[in-house]
Protein chains: 2
Amino acid sequence: MSRPGRRGRATIEDVAKLAGVSRQTVSRAVNDMAEITPSTKQRVLEAVRTLGYRPSRFARGLVKQDTTTIGLIISDLVNPFFPEVAAGVLAAAEHRGWHVVVCDTQYSQERELAALEVLSHQADAIVGYLSYPDDELERHAGGVPLVLLERPGSSPRLGSVSIDIEGGVLAGMRHLVSSGHNRIGMLDGAPYPSANGRRQHYLSVSHELGLAVDDGWVFDCDHSVEGGASAMEALLGAHPDVTAVFAFNDLVAVGAVQAARGLGRQVPADCAVIGFDGLQLGELVDPPLTTLHIDKRRIGELAVEQVALILSEQTNAATHWPVVRPRLVIRRSA
Amino acid sequence: MSRPGRRGRATIEDVAKLAGVSRQTVSRAVNDMAEITPSTKQRVLEAVRTLGYRPSRFARGLVKQDTTTIGLIISDLVNPFFPEVAAGVLAAAEHRGWHVVVCDTQYSQERELAALEVLSHQADAIVGYLSYPDDELERHAGGVPLVLLERPGSSPRLGSVSIDIEGGVLAGMRHLVSSGHNRIGMLDGAPYPSANGRRQHYLSVSHELGLAVDDGWVFDCDHSVEGGASAMEALLGAHPDVTAVFAFNDLVAVGAVQAARGLGRQVPADCAVIGFDGLQLGELVDPPLTTLHIDKRRIGELAVEQVALILSEQTNAATHWPVVRPRLVIRRSA
DNA sequence: TTGTAAGCGTTATCAG
DNA sequence: CTGATAACGCTTACAA
C-alpha cells in the first residue's frame with residue numbers, strides 16, 4: 001500500500017494512480033514526450049502538481065546512464081586564486097553538461113580525506129589540490145579517476161595539470177637580478193600541495209645566478225596576506241640587508257609589501273617584491289605588484305579536458321599532462 | 001548475459017560471479033559489514049580490484065534515501081563577494097553531510113535558467129542569486145525548495161536570506177553627511193538580483209536628509225572595478241561638484257577611487273568614496289576603503305539553515321527569513 | 001556465515 | 001496513444 005508521502009515524496013506510481021493512468025504515461029507527460037494526448041497530459045500534470053511529485057534523480061540516473069559529475073577539491077575558496085580555477089572548471093564542465101560538486105579542505109588533510117571519501121562515491125572523476133602521496137590518493141579514490149592540480153602525477157592512472165614553476169622562478173629571479181638585486185629573500189608557502197617546487201627552484205636558480213643566499217633566506221608562511229606580512233618581518237629581522245623578495249603568491253607578496261612599509265622601508269626603492277600568480281588584487285594595491293601571472297581559468301579548463309580524456313578511454317589512463325606557463329608582468333613593486 | 005563492461009562499468013553482479021559468491025556477499029565485503037569471513041572478504045575485494053568495480057551512486061542512492069544535495073547558484077565566482085558566500089554554504093553543508101553542486105550564471109538570465117533546469121533535477125534544494133520573478137522561479141524550480149539570496153521571497157514556499165540594505169544605506173549616508181558632504185552621488189550595480197534596493201534607499205534617505213540630489217546623481221555600472229571606474233567618470237562628468245560617492249559594492253568603490261584619481265581628484269580630500277560589502281581588498285588598497293561590511297559567510301550558512309528547516313517540515317514552507325545587517329567600517333576613503 | 005527474494009523509482013521495449 | 005513487463009544496480013529483510 002503506497003500512500004503518497006509514505007517515505008516522504010510522492011512517486012511516479014502515486015501520480016499514476018491519482019491520474020488513473022500507467023506509470024509510463026506519467027513519464028511521458030513529465031518528460032514531455034510525443035506520444036500522449038494533450039488531455040491526458042493535462043490530467044497527469046495536474047496530479048503531479050497536487051502531489052508535488054518530482055522524479056527521483058537516482059532512479060533516473062540508474063536507468064539512463066548519462067549524468068556525469070565531477071568532484072572539485074580546492075584548498076580555500078576565499079583565496080582569490082582558487083575561485084578562478086574553479087570558474088574554469090565550472091565553465092568547462094557546463095560546456096559538457098557535467099555537474100560539479102565542490103569541496104573546500106581549508107588546507108586540512110583530514111578534510112581532504114573526507115572530501116576524497118565523499119567524492120569517490122559521488123563523482124565520476126575528481127579534480128583537485130591534493131596533498132597525500134600518489135599511492136594513498138589512489139587508494140582513497142577507490143578507482144575514481146583523479147586529476148591532480150599543480151602537481152605532476154607519477155602513475156599513468158593520474159591525470160595532472162601543472163605549472164611551470166621552474167620557468168616562473170627563473171624568469172622572476174632573472175628580472176630581480178637584472179634590476180640590480182643580489183640579496184634576494186624568499187617567502188615560501190607552507191608546505192602544501194601547490195607549495196611544491198618554488199623553494200627548490202629558488203635555491204638552484206640563486207646558485208646558478210651566483211647569489212650568496214641559502215635556506216636561511218627562505219621563510220615559510222601561510223598562503224595569505226597576514227602570513228606574508230609576518231614572514232616578511234622575520235626575513236627582515238634575519239637579513240636586514242635584503243633588497244628584494246620573491247613571494248610564494250600575490251597574497252603573500254601584498255603582505256610582504258605591507259610589512260616592509262610598516263618597518264619603514266619603501267617598496268620597491270628599499271626592497272622590491274615580486275608575486276606569483278597574478279591576482280587582480282595585484283593591480284589595485286600600491287605599488288602595483290610585479291608578478292608571474294598564471295592563467296588560472298585555464299588550469300581548470302585543462303583539468304576538465306583531462307577528465308574527459310580519461311573517461312573516454314577504457315584504459316582509464318592519462319596520456320598527456322599539460323603544463324601552464326607563468327608570464328612575467330612587470331608593474332611597480334619590482 | 002552480463003559481461004563486465006557491457007555498459008561500461010562492472011556491476012556488483014560481475015564481482016559476485018568472479019568471486020563465486022552472491023551479490024549480497026559482495027555488498028557485505030565492499031561496505032565492510034560484520035557478517036563475513038575474512039577469507040571470502042579478501043576474495044571479493046580482489047575481484048573488485050581486478051574488475052575495477054565501483055558501486056553505482058544512483059543505485060545506492062535509490063535504496064538508501066539519505067544523500068542530500070543542494071544546488072548553489074551564484075552570479076560570478078570571480079567577484080570575491082560570492083566565494084565567501086559559497087564558503088559559508090559549503091561549510092554548513094559539509095557540517096550536515098550534504099553535497100553542494102555549484103553553478104555560475106555570469107549574470108546571464110539564460111544561464112540562470114539553465115542552472116535552474118539542471119538543479120531542479122539534481123538537487124534537493126536550491127540556494128542562490130536569482131533574478132526571475134518569484135512565480136517564474138517557482139515554475140522553473142519544479143517543486144524544489146528555493147532559498148533566495150539577498151532578496152525577500154513573497155511566497156511562503158520561498159526561503160530567503162536578505163541584507164538590511166536600508167539600514168546599510170542609512171548608516172553610510174549618515175556617515176557621509178556627518179562628515180560634511182551634501183552632494184553625494186551614487187554608483188549603482190546594474191539591475192540584477194542583488195542590485196535591488198540600494199538606489200531606492202539612497203534616494204529616499206537623501207530626501208530625508210535634505211540633500212539636493214535626484215536620479216541624475218545615480219549611475220549604473222557593472223559589478224566590477226572597471227564598471228565602477230567608468231561610471232565614476234560619468235558621474236564626475238555630469239556633476240563635477242560631487243564631493244562623495246556611495247558605491248554599490250567594494251569593487252565598484254575601488255574603481256571609483258581609481259577613476260577619481262585618474263581625473264586628478266584626491267580621495268577622500270576632493271571626493272570621498274564608500275563601498276558596500278567589506279571585501280578584504282578594501283583593506284589593501286590606498287586609501288583603505290570605508291565600507292558597509294557584510295558577513296558573507298553568514299549569508300551562506302543561514303541559507304543552508306533555511307534549507308534544513310524547509311526540508312524538515314513536510315509543509316515545505318519557510319517560516320522565518322533572516323536578515324543580515326551591514327556594519328559600518330570606517331577607514332580612510334570616507 | 002552465506003544466499004535468496006523483494007523492492008527502491010524510473011525509463012525502454014514492445015504489445016495492444 | 002497507452003499500458004504491461006523487464007531492466008537499471010544496489011541494499012535490506014529473511015532464510016538457509
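If you're wondering where the values come from, they're calculated on a predicted model, not measured in any experiment. Throughout, protein chains are lettered first and strands after them, A, B, ... in sequence-line order, and every chain is numbered starting at 1.
Within residues 28-38 of chain A, the residues approached by DNA chain D to less than 4.0 Å at the level of any non-hydrogen atom are A:Arg28, A:Glu35, A:Ile36, A:Thr37, in residue-number order.
Taking atom CZ of A:Phe58 as the reference point, atom P of C:dT11 lies 15 Å away to the nearest angstrom. In this structure, B:Leu62 places its CG atom 8 Å from C1' of D:dC10, rounding to the nearest Å. One atom, CD of B:Gln42, and another, C1' of C:dT2, lie 17 Å apart when rounded to the nearest Å. Note: CZ (B:Arg43) to P (C:dT1) measures 15 Å, nearest angstrom. The distance from atom CG of A:Asp66 to atom P of D:dC8 is 16 Å, rounded to the nearest whole Å. Distance, B:Lys17 NZ to D:dG9 C1': 13 Å, rounded to whole Å. The CG-P distance, from B:Asp14 to D:dC10, rounds to 9 Å in whole Å. Rounded to an integer number of Å, the gap from CD1 of A:Ile12 to P of D:dA4 is 13 Å.
Using a 3.5 Å distance cut-off with no hydrogens or angles, the side chains of B:Ser131 and B:Gln109 do pair a donor with an acceptor. Checking A:Thr25 against A:Ser22 by side-chain atom types alone, a donor-acceptor pair falls below 3.5 Å.
Contact between the side-chain N/O atoms of B:Ser27 and the OP1/OP2 oxygens of D:dT11 is found at a separation under 4.0 Å. B:Thr11 has no side-chain polar atom (N or O) that falls below the 4.0 Å cut-off from OP1 or OP2 of D:dG9. Contact check, A:Thr25 against D:dG3: a side-chain N or O comes under 4.0 Å of OP1 or OP2. The side chain of A:Arg60 places an N or O atom within less than 4.0 Å of a non-bridging phosphate oxygen (OP1 or OP2) of C:dT11. Applying the 4.0 Å criterion to OP1 and OP2 of D:dG3, one finds that A:Ser22 has a side-chain N or O inside that range. At D:dT12, one or more side-chain N or O atoms of B:Lys64 fall inside 4.0 Å of OP1 or OP2 (strictly under the cut-off). Distances shown here put a side-chain N or O of A:Thr40 below 4.0 Å from the OP1 or OP2 atom of D:dT2.
Considering only residues two or more places apart in sequence or on other chains, B:Ala303 meets the side chain to side chain contact (heavy atoms under 4.5 Å, CB included) condition with B:Val127, B:Val147, B:Leu149, B:Val161. Residues meeting the side-chain hydrogen bond (donor to acceptor under 3.5 Å, both in side chains) test with B:Arg60, sequence neighbours left out: B:Asn31. B:Ser155 is linked by a side-chain hydrogen bond (donor to acceptor under 3.5 Å, both in side chains) to B:Glu138, counting only residues two or more places apart in sequence or in another chain. Applying the salt bridge (charged side-chain N to carboxylate O under 4.0 Å, His left out) criterion to B:Asp76, with sequence neighbours excluded, gives no partner residue. B:Thr50 pairs by the side chain to side chain contact (heavy atoms under 4.5 Å, CB included) definition with B:Leu18, not counting sequence neighbours. Listed by chain and number, the residues in a salt bridge (charged side-chain N to carboxylate O under 4.0 Å, His left out) with B:Arg49 amount to none (sequence neighbours excluded).
B:Gln24 contributes a side-chain N or O that forms a donor-acceptor pair with the base of D:dT12 under 3.5 Å.
When the local axes at the two ends of the helix from C:dT1-D:dA16 to C:dG16-D:dC1 are compared, using 5 base pairs at each end, they differ in direction by 40° after rounding to 10°.
Taking 4.0 Å as the cut-off between side-chain N and carboxylate O, A:Glu46 and A:Arg43 do not count as a salt-bridged pair.
Pairs of residues two or more places apart, or lying in two chains, that qualify as side chain to side chain donor-acceptor pair (under 3.5 Å) and include a residue from residues 113-127 of chain A are A:Glu117-A:His121, A:Asp124-B:Arg57.
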